[in-house]
There are 2 protein chains.
Amino acid sequence: MVKRTSFEGDACPVARALEALGDWWSLLIIREALLGVRRFGEFQNKLGMAKNILATRLRALVDHGILTTAPASDGSAYQEYVLTPKGRGTFPILVALRQWSEEFDDYPEEIETILVDRAKGRPIRKIELRAEDGRLLTLADTTLKPRPAPRRRSASARSNL
Amino acid sequence: MVKRTSFEGDACPVARALEALGDWWSLLIIREALLGVRRFGEFQNKLGMAKNILATRLRALVDHGILTTAPASDGSAYQEYVLTPKGRGTFPILVALRQWSEEFDDYPEEIETILVDRAKGRPIRKIELRAEDGRLLTLADTTLKPRPAPRRRSASARSNL
DNA sequence: GCCAAATGGTTTTATAATGCAACCACACGA
DNA sequence: TCGTGTGGTTGCATTATAAAACCATTTGGC
């Protein structure tokens, strides 16, 4: 294919997120990382993917600030891939994807795991969208607005730089 | 590339969701659909993508039960692509992606829209994960459990079919 | 009712991304 | 120090993607 079209610089935040997460493997790598996987070989075994594309993806995720490399925690000379705060911040996305499958998948009986509250062992609640004042919102209750112009110093203040 | 590896039949609900949504364009097409876009040409204009791959993606989304084709609502002989309930159910995923960008993007000033509560015009709340009893949960407060065995008729009951 | 333009695609062709397998360097353990 | 495990890289085949050209219907204007 001619070079895959990039969403970098797009004004839509969804497109910007997909620029980093929107390919075939990245979110699965992150899922494993959220479950505690850190080593190259461990990712490769759990995901069963080709090593070259795993290497490519890990590099891209590091470039996007989602993973960082760190010296191995077991004292060996190898390195580990560990989630940054930005990487851990994808957790709600993963949960949303999971809940969508749980609700709409045609063969839900093939799903083998449930995400539970560790303390009680009970399933977590379905994600809800709420207004600032707490009202439950559906798609129809929301709309897009242009972002307010960024606060900018006044001309006089700017000249003080 | 040898045929892209499919996640169909994977036990992980995240992988199953990505099987339908996890490519470069599908979620953006759905985003437009959620905003009310219905016609082929309108998708093509707003997304600026090649017509052949738009056609391919629309077909795939219809196959996955995310979109349906319907006669055009304006009385013309053309058809429209309209979201099914399964398609509208992706809304929380899109919101999660948006909020992730808003929180972690390196150039947030390039984001031009905000999602607001239509009634008040105020931004919506950040998505939260909660336990059954309402406690706020972080990643560390959750864990995966095997899905309980599906309820199955007893042998005697089954013989009554 | 007829012609031009719009709509909604398909086909063709190129190039890039993906996947597999083989290879390789270094670390580690015995 | 020798064999093995870990963590990759390098070819090569094949597919997916994209741009552009092409085409069939539908529509609008007259």
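Letters go in sequence order (proteins before strands), and every chain restarts at 1. Since this is a predicted model, take the numbers as computed values, not measurements.
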Ring centers of B:W25, A:F7 separated by less than 6.0 Å: yes
For residues A:I66 and B:F104, determine if any side-chain heavy atom of one lies less than 4.5 Å from a side-chain heavy atom of the other. no
Which residues, if any, of residues 65-73 of chain A bring a heavy atom under 4.0 Å of DNA chain C? none
Please report the interatomic distance CD1(A:I124) to CD1(A:I114), rounded to the nearest 0.5 Å. 10.5 Å
Answer yes or no: does a side-chain N or O of A:Y81 lie under 4.0 Å from OP1 or OP2 of D:dG8? yes
Assess whether a salt bridge exists between B:R122 and A:E132, defined as any Lys/Arg side-chain N lying under 4.0 Å from an Asp/Glu carboxylate O. yes
Could A:E103 and A:K126 be called an ion pair, given the rule that one side-chain N must be under 4.0 Å from one carboxylate O? yes
Atom CZ of B:F40 and atom P of C:dT10 are separated, to the nearest Å, by 8 Å
Would you mind reading off the distance between B:Q79 atom CD and D:dT25 atom P, rounded to a whole angstrom? 15 Å
Kindly say if A:W25 contacts the phosphate of C:dG19, meaning a side-chain N or O under 4.0 Å from OP1 or OP2. yes
Is the closest side-chain donor-acceptor distance between B:T113 and B:R98 under 3.5 Å? yes
Give the residues of residues 43-61 of chain A touching DNA chain C, defined as any heavy atom closer than 4.0 Å, sorted by residue number. A:A50, A:N52, A:I53, A:R57
Taking NZ, NE, NH1 and NH2 as the nitrogens, is one of them in B:D141 or A:R118 under 4.0 Å from a carboxylate oxygen of the other? no
Closer than 4.0 Å, any side-chain N/O of A:R39 to the OP1 or OP2 of D:dT6? no
Using a cut-off of 4.0 Å between protein heavy atoms and nucleotide atoms, how would you tag nucleotides 25-30 of chain C 5' to 3' with B, S and -? --SS--
Rounded distance in Å - CD (B:E42) to P (C:dG9): 13 Å
Taking 4.0 angstrom as the limit, do B:D23 and B:R57 come out as a salt bridge? yes
Could you check whether A:S6 and A:E19, counting side-chain N and O atoms only, form a donor-acceptor pair closer than 3.5 Å? yes
Would you mind reporting whether B:Y81 and B:T68 have side-chain heavy atoms less than 4.5 Å apart? no
Polar side chain donor-acceptor pair, A:T69 to A:E80, under 3.5 angstrom: no
